Amino acid sequence: MVKQKPAIPKGTRDFIPSEMANRNYIFDTIKKYFKLYGFNAIETPAMENLSTLMGKYGEEGDKLLFKILNSGDFLSKVRPEQLQELNSAKLTNKISEKGLRYDLTVPFARFVVQHRNDLTFPFKRYQIQPVWRADRPQKGRYREFYQCDADMIGSESLLNEVDLVQLTDDIFTDFNIAVSIKLNNRKILSGIAELVGELDKIIDITVAIDKLDKIGAEGVNKEMAAKGVSEKAIEQLQPIIHLQGTNHEKLEKLKELLKTSEVGLKGVEEMTTIFSLLKGLEIHNELELDLTLARGLNYYTGTIFEVKAKDVQIGSVTGGGRYDDLTGIFGMPDVSGVGISYGADRIYDVLKELDLFPKLKQDALQVLFVNFGSVEERYCLPLIAALRKKGVNSEIYPESAKMKKQMKYANSLKVPFVVMVGEEEMQNQKLSIKNMETGEQKEMKLEELINHFS
RNA sequence: GUGAUUGUAGCUCAGUAGGUUAGAGCAUCGGAUUGUGGUUCCGAGGGUCGGGGGUUCGAAUCCCCUCAUUCACCCCA
């Protein structure tokens, strides 16, 4: 037999118990706040019909979808000349009709339309599940990762945006991660594009402006020119690229700059409202209107969010925004929603790098019974059952192995107490109990041991 | 998709001006110690040197191809 090297697909990971404890800490914390803000849990399947997923994430996103081969003889419906053509895109349509979900928002939109009769609007849901992207993995980027989404749908109120900012602030404050919460508005971006007469280049412009920190103003201008943005437009964009000051000051200037654009002004108005509402609240993290924030996902139409950890070099840990008509394509038009997605895996990386995981209390094994043989086993089983009934995690070592081996096992599992019941203890109706931390050993009755844990 | 990086034991890595049977630490198993762990000492098992081809008397080491890895860009959580 050929030995096979154990391996898992690129960009995926296993989690050992100690890592799971930390991951659960993240999920539990996020879940706690989701509930606190009135969101209810739902789940959707790992796979969706490709027709549901395709075309929602932009050209790049479509490429990154994991597609599932049809079951059975998937080539039976393909004509030989179609195979000859060697056109992957065309052939894919014939042999694959399902794919792994790319995010939780689009499946959620599908879910809302499909279950509209069972839901009360405005509807608030949270969803913590893995998503898959056929990206090239690198630091903080995985092919399978968990998103923790909170969305509200069926309400245009900007109170929802304010709520999501507060939620985000609460969550990262709890994690003790200093973050910068960046806000922008697609309407403002549209207004800017309209202003300079390059409506179709809006994505190119924002992507270029997004690189301001990295390549400088001159680099940004060069990139825009390379993408075919006219010289005049670039000239007009300069005051926007160099926009500075407080959020309030920026909005005031934008109001002036965008006075000829209806959409633009609407966006400025929305952001002004949001910032003004937030002003009356206690927010612990940095809050910034960031015009360079673009977000590639196609479906955003209003406010967009992004959260970056201040002390760790990693992609954004959270992102989201408002989508005015994501449900329209599934047959339920004019329903606005807004949502946000926390990247559990990146939050994990940040917490780990900053060494911020709390010392978790031991919820694993608390008591191990040493196994001395078949007579002793029989004697111990009811004692263990009694301990378990009292909620004490206990077990007996499954074989009557050497004492040293059993103690070593207890030690590596960090079991706080080891119970020894041999001939002598059975006669005295007592248990020898060793405290593995101090090394102390005492004789006591079962009740005394139980009391120790209550 | 583009550009780099690295591939040697289960894990982390030494070892290259080409030269006998390829090493260490950790982990595992056994013993010192047949009812006492985390310290110590002794010992054992475990390797197609990522794969294929080439150069050479001789390749982990040099050359070519290939696969994988990690990182950056793009994009994103």
Side-chain angles (χ1 to χ4, degrees), chain A residues 2-11 16 26 30 57-64 101-105 128-149 168 179 203-204 206-208 210-211 214-215 223 293-298 300 304-309 312-321 339-350 368-373 376 397 400-426 432-441:
Chain A
V2 184
K3 194 165 71 178
Q4 178 178 333
K5 266 203 172 168
I8 52 176
K10 190 204 298 241
I16 60 173
I26 293 173
I30 291 176
Y57 308 107
E59 223 175 295
E60 280 294 310
D62 281 356
K63 274 191 227 157
L64 299 181
R101 63 166 166 250
Y102 179 91
D103 73 354
L104 299 178
T105 309
I128 299 180
Q129 289 192 275
V131 303
W132 294 268
R133 295 182 187 179
D135 237 334
R136 281 265 186 103
Q138 54 186 273
K139 188 183 179 195
R141 165 178 298 177
Y142 308 100
R143 288 186 148 187
E144 176 184 64
F145 59 97
Y146 271 76
Q147 289 195 328
C148 311
D149 274 38
T168 302
V179 295
I203 300 282
D204 289 333
T206 49
V207 165
D210 188 32
K211 292 180 189 157
K214 281 182 195 159
I215 60 181
E223 173 148 343
L293 177 58
R295 315 228 87 225
L297 296 177
N298 268 356
Y300 293 125
I304 44 188
F305 310 98
E306 189 163 293
V307 179
K308 292 208 131 191
V312 177
Q313 193 81 28
I314 198 165
S316 55
V317 291
T318 289
I340 197 157
S341 178
Y342 300 84
D345 303 81
R346 284 187 178 170
I347 292 173
Y348 182 99
D349 291 344
V350 170
L368 176 78
F369 279 66
V370 174
N371 188 326
F372 287 107
E376 290 85 347
Y397 195 83
S400 77
K402 280 185 186 158
M403 185 76 158
K404 181 185 165 120
K405 189 167 179 172
Q406 300 193 41
M407 294 302 286
K408 244 184 159 167
Y409 173 83
N411 196 54
S412 64
L413 255 56
K414 297 193 174 70
V415 184
F417 294 96
V418 169
V419 176
M420 277 157 285
V421 185
E423 250 176 88
E424 203 178 311
E425 286 88 353
M426 287 196 291
S432 288
I433 292 165
K434 176 157 179 157
N435 181 326
M436 292 298 279
E437 235 170 285
T438 61
E440 266 180 281
Q441 192 166 324

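Just so we're on the same page: letters track the sequence lines, and every chain starts at 1. These values consider heavy atoms only, across backbone and side chains, with no hydrogens, waters or symmetry-generated copies. Please read these numbers as outputs of a predicted model, since none were measured by experiment.
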Could you check which of [options] has an atom nearest any side-chain atom of [X]?
| X | options | answer |
| --- | --- | --- |
| A:Arg136 | B:rG35, B:rA72, B:rG37 | B:rA72 |
| A:Lys10 | B:rC29, B:rU69, B:rG37 | B:rU69 |
| A:Lys139 | B:rG35, B:rA77, B:rA72 | B:rA72 |
| A:Arg133 | B:rA77, B:rG31, B:rG35 | B:rA77 |
| A:Ser316 | B:rC71, B:rA77, B:rU36 | B:rA77 |
| A:Arg141 | B:rG37, B:rC76, B:rG35 | B:rC76 |
| A:Tyr142 | B:rA77, B:rG35, B:rG37 | B:rA77 |

Contact class for [X] vs. all strands (heavy atom < 4.0 Å): base, sugar-phosphate, or nothing?
| X | result |
| --- | --- |
| A:Glu423 | base |
| A:Gly61 | nothing |
| A:Lys63 | nothing |
| A:Gly422 | base |
| A:Glu425 | base |
| A:Gln313 | nothing |

Gap in Å between the two [atom1] atoms, one belonging to [N] and one to [M], rounded:
| N | M | atom1 | answer |
| --- | --- | --- | --- |
| B:rG7 | B:rC62 | P | 11 Å |
| B:rA60 | B:rC75 | C1' | 39 Å |
| B:rG35 | B:rG25 | P | 30 Å |
| B:rG50 | B:rA22 | P | 15 Å |
| B:rG10 | B:rU20 | P | 24 Å |
| B:rC71 | B:rU6 | P | 15 Å |
| B:rU39 | B:rG18 | C1' | 45 Å |
| B:rG52 | B:rU8 | P | 15 Å |

Starting from [atom2] on [N], measure out to [atom1] on [X] and report it in whole angstrom.
| X | N | atom1 | atom2 | result |
| --- | --- | --- | --- | --- |
| A:Tyr57 | B:rA77 | OH | C1' | 13 Å |
| A:Asp135 | B:rC75 | CG | P | 12 Å |
| A:Ile304 | B:rC75 | CD1 | P | 14 Å |
| A:Ile26 | B:rA77 | CD1 | P | 17 Å |
| A:Asn435 | B:rG38 | CG | C1' | 13 Å |
| A:Phe369 | B:rG35 | CZ | C1' | 16 Å |
| A:Asn411 | B:rG38 | CG | C1' | 4 Å |
| A:Gln406 | B:rG38 | CD | P | 15 Å |

### Query
Between A:Tyr57 and A:Asp62, is any side-chain donor less than 3.5 angstrom from a side-chain acceptor?
no
### Message
With no hydrogens and no angle check, just 3.5 Å: does a side-chain donor-acceptor pair link A:Asn371 and A:Ser400?
### Response
no
### Query
Hey, is the side chain of A:Lys402 pairing donor to acceptor with the base of B:rU34 inside 3.5 Å?
no
### Distance-only donor-acceptor test, A:Lys405 side-chain atoms vs B:rG37 base atoms, 3.5 Å
no
### Task
Identify, between A:Gln147 and A:Gln441, the residue whose nearest nucleotide on RNA chain B lies closer to the 5' end.
A:Gln441
### Query
When you match A:Arg346 and A:Gly11 each to their closest nucleotide on RNA chain B, which lands nearer the 5' end?
A:Gly11
### Within 6.0 angstrom of A:Glu423 CD, more than 12 heavy atoms from elsewhere
no
### Summary
Paired to B:rC26 by Watson-Crick or G-U wobble criteria (both distances under 3.5 Å) is B:rG10
### Task
Counting Watson-Crick and G-U wobble pairs only, both distances under 3.5 Å, name the nucleotide matched with B:rU39, or none.
none
#### Entry: Donor-acceptor under 3.5 Å (A:Asn435 side chain, A:Glu437 main chain)
yes
### Query
So, do A:Tyr342 and B:rA77 meet the stacking rule of ring centres under 5.5 Å and planes under 30°?
no
### Query
Yes or no on side-chain contact (heavy atoms from CB on, under 4.5 Å) for A:Ser316 and A:Arg346, after CA distance, side-chain angles and deciding distance?
CA-CA 8 Å; A:Ser316 55; A:Arg346 284 187 178 170; 4.2 Å; yes
### Query
Looking only at side-chain N and O atoms, does A:Lys404 come under 4.0 Å of OP1 or OP2 in B:rG31?
no
### Message
Please tell me if A:Gln138 has a side-chain N or O lying less than 4.0 Å from either OP1 or OP2 of B:rU70.
### Response
no
#### Entry: Distance in Å, A:Gln147 CD paired with A:Gln129 CD, rounded so as to fall on 0.5 Å steps
10.5 Å
### Task
Over 60° means perpendicular and under 30° means parallel, so classify the ring planes of A:Tyr409 and A:Tyr397, tilted if in between.
perpendicular
#### Entry: Among A:Thr105, A:Asp149, A:Leu104, the one residue meeting side chain to side chain contact (heavy atoms under 4.5 Å, CB included) with A:Val131
A:Leu104
